[in-house]
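These notes are about the structure you will find just below.
We count residues from 1, following the sequence as given.
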Amino acid sequence: MSPALSKHSAMWVFLILAIAVGIAALFFPRTPQPQSYHHFADQRSWFGVPNFGDVASNILFLVSGLWVLVFLCRESSQKRFIDPRERWPYLFISLGLFLTAFGSAYYHLAPDNARLVWDRLPMTIVFMPLVAAQIQERVSVKLGLWLLPVLIVIGIASVLQWRWSELHGSGDLRFYAAVQLYALLALLAALLLPARYDRSSDLFVVVGLYVLAKICEAADRQIFALGNLVSGHTLKHLAAGAAGLWILRMLQKRQPVNDY
């Protein structure tokens, strides 16, 4: 398969995935946000901070976001990018991680739907730019940069649409869930496509940590019941924050592929 054909095929992979996920979402019933979601297992207060474990565990988002930003601002980081413009999606990822630390902490201080918006909004500024990064590294830098604001707007819109639907008595999580699913599938699809850089296998770890985070979230009470030491939701934050650090590790160690 020629490089041109590979890039052309890669573009269609991301497009077909988006269409398939969008159509599939329409076949699911409208699903509101369950109010039970806000009742987390570990509600202990430490140092006067309610829900301390779920609040404090957001520190890893803050650390990873700042660390990625510091790396990208260093002159030495330019050697890790063939085109300096390729740093833009990762700058948004660092911003998203940073804002997630505060948005999630704010939500967990007093969990409800209104605060959940500020938890979910910055997360879309992490995984949608990550998709744009894979497009620019596997299809076209120009296309990836053009899609970067488009994908971010779609991610933010999915949260705002969910919130609007809840306020109007017809809660609908389908759009937001579809955006998350598409981001996950797009990362997995990217692993099958030729890239401008090595260390594509690091995406396996990032996806694996994301999946682990979702498992911990679903098993919040079961994990906490094992010894009342730490809850599944706290571990979710740590796993997702570790994914941010692994993205940084990938950027620090990768090299351009000569025959791309």
Side-chain angles (χ1 to χ4, degrees), residues 31 33-46 49-68 93-131 155 158-159 162 173 176-188 202-249:
T31 304
Q33 180 67 57
Q35 290 306 298
S36 59
Y37 177 83
H38 305 302
H39 303 151
F40 299 102
D42 189 357
Q43 300 182 19
R44 295 173 295 182
S45 296
W46 287 9
V49 179
N51 309 313
F52 180 84
D54 291 342
V55 172
S57 54
N58 288 289
I59 188 66
L60 203 52
F61 290 116
L62 181 65
V63 170
S64 59
L66 288 176
W67 205 341
V68 172
I93 290 170
S94 69
L95 174 64
L97 289 167
F98 178 80
L99 293 177
T100 296
F102 293 97
S104 182
Y106 172 71
Y107 163 64
H108 283 286
L109 285 170
D112 61 15
N113 276 358
R115 287 181 175 234
L116 185 56
V117 173
W118 302 106
D119 183 8
R120 287 176 169 167
L121 275 176
M123 286 194 291
T124 66
I125 307 176
V126 177
F127 50 74
M128 296 308 269
L130 188 55
V131 172
S158 72
V159 178
W162 159 70
L173 277 167
Y176 177 69
V179 165
Q180 284 199 78
L181 178 60
Y182 171 70
L184 178 63
L185 294 178
L187 292 182
L188 290 173
D202 284 322
L203 287 178
F204 267 125
V205 180
V206 173
V207 171
L209 287 169
Y210 175 79
V211 172
L212 176 62
K214 300 303 288 185
I215 292 173
C216 289
E217 179 182 35
D220 182 33
R221 296 187 180 279
Q222 292 88 334
I223 292 174
F224 189 61
L226 293 177
N228 291 350
L229 296 176
V230 63
S231 71
H233 205 88
T234 295
L235 292 179
K236 172 205 172 181
H237 290 165
L238 297 178
L245 292 175
W246 206 273
I247 292 172
L248 171 65
R249 183 177 186 272

Which atom pair, heavy atoms only, marks the closest approach of Ser57 to Leu238?
-> O-CD2, 3.9 Å
Quick one: list whatever passes side-chain hydrogen bond (donor to acceptor under 3.5 Å, both in side chains) with His39, sequence neighbours left out.
-> none
Quick one: closest heavy-atom pair of Asn51 and Gln43, and the distance?
-> OD1-CA, 3.4 Å
For residues 122-131, tabulate all N or O donor-acceptor pairs below 3.5 Å that involve a side-chain atom, not counting sequence neighbours.
unit_1: Thr124; atom_1: OG1; unit_2: Leu121; atom_2: O; d: 2.6

Rounded to the nearest 0.5 Å, how far apart are OH of Tyr107 and CG of Asp54?
-> 9.0 Å
What is the minimum heavy-atom distance between Ser231 and Ala41, and which atoms define it?
-> CB-CB, 4.4 Å
Between Leu99, Thr100, Leu66, which is the residue that forms a side chain to side chain contact (heavy atoms under 4.5 Å, CB included) with Phe61?
-> Thr100
For Tyr37, ring-ring contact (aromatic ring centres under 6.0 Å, His included) partners two or more places apart = Phe40
Derivation and outcome, side chain to side chain contact (heavy atoms under 4.5 Å, CB included), residues Cys216 and Ile223 = CA-CA 8 Å; Cys216 289; Ile223 292 174; 4.2 Å; yes
Pair listing, salt bridge (charged side-chain N to carboxylate O under 4.0 Å, His left out) test, anchored in residues 210-239, at least two apart = Lys214-Glu217, Glu217-Lys236
Just by modelled atom types, is the Leu60 backbone N or O under 3.5 Å from a matching donor or acceptor in the His237 side chain?
-> no
Check whether any side-chain N or O of Asp119 sits under 3.5 Å from a backbone N or O of Gly103 as a donor-acceptor pair, and report yes or no.
-> no
List in chain and number order the residues that pass salt bridge (Lys or Arg N to Asp or Glu O under 4.0 Å) with Arg115, two or more places apart in sequence or in another chain; answer none if no residue qualifies.
-> none
Heavy-atom closest pair, residues Trp67 and Leu245 | CE3-CD2, 3.7 Å
Hey, are the side chains of Asp42 and His233 touching, using non-hydrogen atoms and a 4.5 Å cut-off?
-> no
Which pairs count as ring-ring contact (aromatic ring centres under 6.0 Å, His included) when at least one residue sits in residues 203-225, sequence neighbours excluded?
-> none
Could you walk me through whether Asn113 and Val117 pass the side chain to side chain contact (heavy atoms under 4.5 Å, CB included) test, one step at a time?
-> CA-CA 7 Å; Asn113 276 358; Val117 173; over 6 Å; no
Check whether any side-chain heavy atom of Val49 lies under 4.5 Å from a side-chain heavy atom of Leu109, and answer yes or no.
-> yes
Taking the side chain as C-beta and beyond, is there a heavy-atom pair between Phe98 and Val68 under 4.5 Å?
-> no
